[in-house]
Amino acid sequence: MDYGYSILMGIFSAAILLYAGLMAVTKSYRILPARATQSVKPKDEKRYVAQLAKAVAAAALSPAVSALTGIWNVIAALIVLVVSGIFFIWLGTRIMRKVQ
C-alpha cells in the first residue's frame with residue numbers, strides 16, 4: 001500500500017498543531033503574521049491569541065483525521081478532508097466569536 005498521502009497529511013497537521021501550541025504557550029500577539037496584526041486590533045491581545053490558538057488547533061484536526069482515514073482508502077480520505085474541514089472551520093468561527 002502507498003501511505004504517501006497519510007504521511008504528508010500527518011506532517012502537515014503536526015506542523016499546524018505545533019504552531020497552535022506555540023501560540024497557546026507564548027500568548028504573544030507578535031507571533032501572528034504582520035497582516036493579521038495590522039488588520040485586527042483586539043482589546044485583550046492575550047485572550048485573542050489563546051482563542052485563535054484553539055481555532056487553529058481545531059482546523060489542524062481536519063488533515064489529521066484525513067490522514068488516519070487515508071491509511072485504508074485515499075478516496076474516502078479526500079471526502080473526510082472536505083467534510084471535516086468544513087466542520088472544523090465552522091467550529092473555529094464559533095470559538096472566535098467569544099473573543100470579539
Side-chain angles (χ1 to χ4, degrees):
M1 267 197 189
D2 184 25
Y3 297 112
Y5 176 82
S6 294
I7 292 170
L8 184 65
M9 286 293 120
I11 291 170
F12 182 63
S13 177
I16 296 172
L17 283 171
L18 182 67
Y19 178 65
L22 188 62
M23 280 195 304
V25 169
T26 62
K27 292 187 175 102
S28 173
Y29 191 67
R30 298 183 74 195
I31 200 168
L32 299 177
R35 286 186 177 172
T37 59
Q38 292 172 358
S39 64
V40 177
K41 301 291 183 193
K43 295 175 186 171
D44 186 7
E45 291 179 356
K46 290 191 183 234
R47 184 168 180 248
Y48 178 80
V49 173
Q51 291 295 97
L52 184 61
K54 290 178 191 177
V56 169
L61 291 177
S62 178
V65 172
S66 178
L68 290 175
T69 309
I71 293 173
W72 294 283
N73 189 345
V74 176
I75 300 299
L78 293 174
I79 295 169
V80 166
L81 180 67
V82 171
V83 172
S84 65
I86 292 168
F87 172 73
F88 286 121
I89 289 173
W90 172 81
L91 185 65
T93 58
R94 302 284 298 186
I95 291 170
M96 289 306 292
R97 282 187 189 164
K98 297 177 183 176
V99 76
Q100 291 183 359

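Below, each value reflects all heavy atoms present in this structure, side chains not excepted, and no hydrogens, waters or symmetry copies.
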Check your understanding: Should Y48 and M96 be marked as a side-chain contact (heavy atoms from CB on, under 4.5 Å) after you check the CA-CA gap, both sets of side-chain angles, and the distance that decides it?
Key -> CA-CA 8 Å; Y48 178 80; M96 289 306 292; 3.4 Å; yes
Separation of [Y] [atom2] from [X] [atom1] (nearest 0.5 Å):
X: F88; Y: L91; atom1: CZ; atom2: CG; value: 7.0 Å
X: L61; Y: L68; atom1: CG; atom2: CG; value: 10.5 Å
X: L78; Y: T69; atom1: CG; atom2: OG1; value: 10.0 Å
X: K54; Y: R94; atom1: NZ; atom2: CZ; value: 14.5 Å
X: R30; Y: L32; atom1: CZ; atom2: CG; value: 11.5 Å
X: T26; Y: K46; atom1: OG1; atom2: NZ; value: 9.0 Å

Closest approach of [X] and [Y], non-hydrogen atoms and distance?
X: S84; Y: S62; value: OG-OG, 2.8 Å
X: G70; Y: S6; value: C-OG, 3.1 Å
X: K27; Y: A50; value: CE-CB, 3.9 Å
X: I31; Y: M23; value: CG2-CG, 3.6 Å

Answer yes if [X] and [Y] sit in the same cluster of Ile, Leu, Val, Met, Phe, Trp and Tyr residues linked by side chain heavy atoms under 4.5 Å apart, and no otherwise.
X: L8; Y: Y3; answer: no
X: L52; Y: L22; answer: yes
X: I7; Y: W72; answer: yes
X: I11; Y: I71; answer: yes

Going by chain and number, the hydrophobic cluster around V83 (ILVMFWY, side chain to side chain under 4.5 Å) further includes I75, I79
- request: Using atom types as modelled and distance alone, determine if a side-chain donor or acceptor of S66 lies under 3.5 Å from a backbone N or O of A77.
  value: yes
Between T93 and W90 (side chain of the first, backbone of the second, donor and acceptor by atom type, cut-off under 3.5 Å), is there such a pair? yes
From the list L17, I16, I95, side chain to side chain contact (heavy atoms under 4.5 Å, CB included) with V56 holds only for I16
Within a radius of less than 6.0 Å around OH of Y19, do more than 12 heavy atoms belonging to other residues, nucleotides or ligands occur? yes
